[in-house]
Amino acid sequence: MRLKILINIALILIFVVLAAGCGSNFDAEFDDYMTSMEEVHALDEEYDEKIAQLDIDDLPEEVSTRNSEVNLEKLISISETLDQEIVPVVERMNDKVVGIEVTESSLVDLHETYIESMEVKQNFVQNLNDYVKTYSSSVRSTEELIQLSQDFMKNQSERDEVIESATKESESNEIEGLISQINDNSEELEEESQMLQLDESQSNKMAHIDDTMLPLIDSHIQSLNQMNLDTDRAMRVRSLTLEMYYGFKKYYQERKNTMEYNNRLQELQLQNILPLRETYEELDREYDTQIEEIESEL
């Protein structure tokens, strides 16, 4: 009877020793993990501080014509901050996290929570930066379209003055020939431009600009350059018209760019980007809770 009691006591002592050993090993593994994550946690704090300082609460959601409500300078500032200050921190965080290996099951779950948060942070920053840059490009493109339209009107007004100032028969004859060719060109361009007003897909409209309208304008430029002119006023009319044609090319290229930017913004959707911040913040809270639970059991 006494021998049996001694055996039971011995088994209990063995279990206690083994349990203490396991606990000691886990303690060491947890300490090693927290040590390896120190730099990552410091970078994470830096990331949170920089994001908190980023003024993104009233970013524009819909693209419209340039107006006082669109602060282009603010968009550029946000993009520069993301590029120069926040993206590098996220990249360093990711590089550090990738190099950390965890094998103990409780720590694997903990680390996977952090990795998931890290991935959401990357998506948030990348998509936000892409959105801000694309929106800025769209605003610039719209402004360029307005400027090109103003340049067109200015050249047209100057050309009309030159036409009206023609007094010699030789000048009038050459200018009349130019006007005839210009009118033919304008009719062709007007006809092809109607497609851009139809209920067609953006991709079809962009293809129409590339495949039809830009080559057509090139042919109009060639048609004017091939005309033999001798008088200064006629050559000036041609020069001003060519400036308008080159402006047309830039205009339709910008129209195409604007379509591309707007399509990209439709894909990004700001209302789908901003909630990512709430998602990774929730994961961060879950990560902190897991650490607190592990520490309470040590």
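Computed from a predicted structure; not experimentally measured.
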With side-chain hydrogen bond (donor to acceptor under 3.5 Å, both in side chains) as the criterion, how do S137 and K133 come out once you've worked through the C-alpha distance, each side chain's angles and the decisive distance to 0.1 Å?
CA-CA 6 Å; S137 297; K133 285 183 177 179; over 6 Å; no
Are [X] and [Y] within salt-bridge range, i.e. N to O under 4.0 Å?
X: D151; Y: K250; value: no
X: R236; Y: E158; value: yes
X: E282; Y: R285; value: yes

Within a 6.0 Å radius of atom [atom1] on [X], are there more than 12 heavy atoms belonging to other residues, nucleotides or ligands?
X: M227; atom1: CE; value: yes
X: Q271; atom1: CD; value: yes
X: E101; atom1: CD; value: no
X: N228; atom1: CG; value: no
X: D232; atom1: CG; value: no

Below 4.5 Å, heavy atoms only, C-beta onward: do [X] and [Y] meet side chain to side chain?
X: Y280; Y: I51; value: yes
X: L268; Y: Y135; value: no
X: M244; Y: R159; value: yes
X: T241; Y: L178; value: no
X: K205; Y: L198; value: no
X: L270; Y: L274; value: yes
X: L110; Y: E293; value: no
X: H220; Y: D184; value: no

Could you walk me through whether E143 and R140 pass the salt bridge (charged side-chain N to carboxylate O under 4.0 Å, His left out) check?
CA-CA 5 Å; E143 290 180 336; R140 287 195 189 95; over 6 Å; no
Common cluster, [X]/[Y], ILVMFWY with side-chain heavy-atom separation under 4.5 Å:
X: V120; Y: V125; value: yes
X: L82; Y: Y261; value: no
X: I100; Y: F30; value: yes
X: I146; Y: Y251; value: no

Do [X] side-chain atoms and [Y] backbone N/O form a donor-acceptor pair below 3.5 Å?
X: S165; Y: V162; value: yes
X: S193; Y: E190; value: yes
X: E174; Y: D230; value: yes
X: S186; Y: I182; value: yes
X: S157; Y: M153; value: no
X: N173; Y: E169; value: yes

Any idea which heavy atoms bring [X] and [Y] closest together, and the distance?
X: L229; Y: A234; value: CD1-O, 3.8 Å
X: A166; Y: E171; value: CA-OE1, 3.6 Å
X: Q290; Y: T113; value: OE1-OG1, 2.9 Å
X: R238; Y: N225; value: NH1-O, 3.8 Å
X: K121; Y: S117; value: NZ-OG, 2.7 Å
X: R277; Y: A52; value: NH2-CA, 3.9 Å

Hey, mind stepping through L128 and L276 against side-chain contact (heavy atoms from CB on, under 4.5 Å) and telling me if it holds?
CA-CA 10 Å; L128 180 62; L276 292 175; over 6 Å; no
Step by step, would you call H208 with E192 a side-chain contact (heavy atoms from CB on, under 4.5 Å)?
CA-CA 9 Å; H208 185 69; E192 294 298 339; 3.0 Å; yes
Under 30°, 30 to 60°, or over 60°: which ring-plane class applies to H41 and Y287, parallel, tilted or perpendicular?
perpendicular
Check the orientation of F152 and F248. Use parallel for under 30°, tilted for 30 to 60°, and perpendicular for over 60°.
tilted
State which residue, out of I291, L283, V102, D44, fulfils the side-chain contact (heavy atoms from CB on, under 4.5 Å) condition with Y114.
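The single option meeting the side-chain contact (heavy atoms from CB on, under 4.5 Å) with Y114 is D44.
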With E73, the side-chain contact (heavy atoms from CB on, under 4.5 Å) member among L75, N71, I76:
N71
Could you grab the distance from atom [atom1] of [X] to atom [atom2] of [Y], nearest 0.5 Å is fine?
X: M259; Y: S138; atom1: CE; atom2: OG; result: 12.0 Å
X: E116; Y: T279; atom1: CD; atom2: OG1; result: 9.0 Å
X: I273; Y: N129; atom1: CD1; atom2: CG; result: 10.0 Å
X: D95; Y: E39; atom1: CG; atom2: CD; result: 10.5 Å
X: I86; Y: S79; atom1: CD1; atom2: OG; result: 10.5 Å
X: M213; Y: R255; atom1: CE; atom2: CZ; result: 8.0 Å

The test is side-chain contact (heavy atoms from CB on, under 4.5 Å); show your working for K154 and Q150 and say whether it passes.
CA-CA 6 Å; K154 180 180 177 181; Q150 292 174 347; over 6 Å; no
For S223 and N185, what are the C-alpha separation, side-chain angles and deciding distance, and is it a side-chain contact (heavy atoms from CB on, under 4.5 Å)?
CA-CA 9 Å; S223 70; N185 293 346; 3.3 Å; yes
Here's a test for you: under side-chain hydrogen bond (donor to acceptor under 3.5 Å, both in side chains), which of K256, E254, E260 qualifies with S141?
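Result for side-chain hydrogen bond (donor to acceptor under 3.5 Å, both in side chains) with S141: E254.
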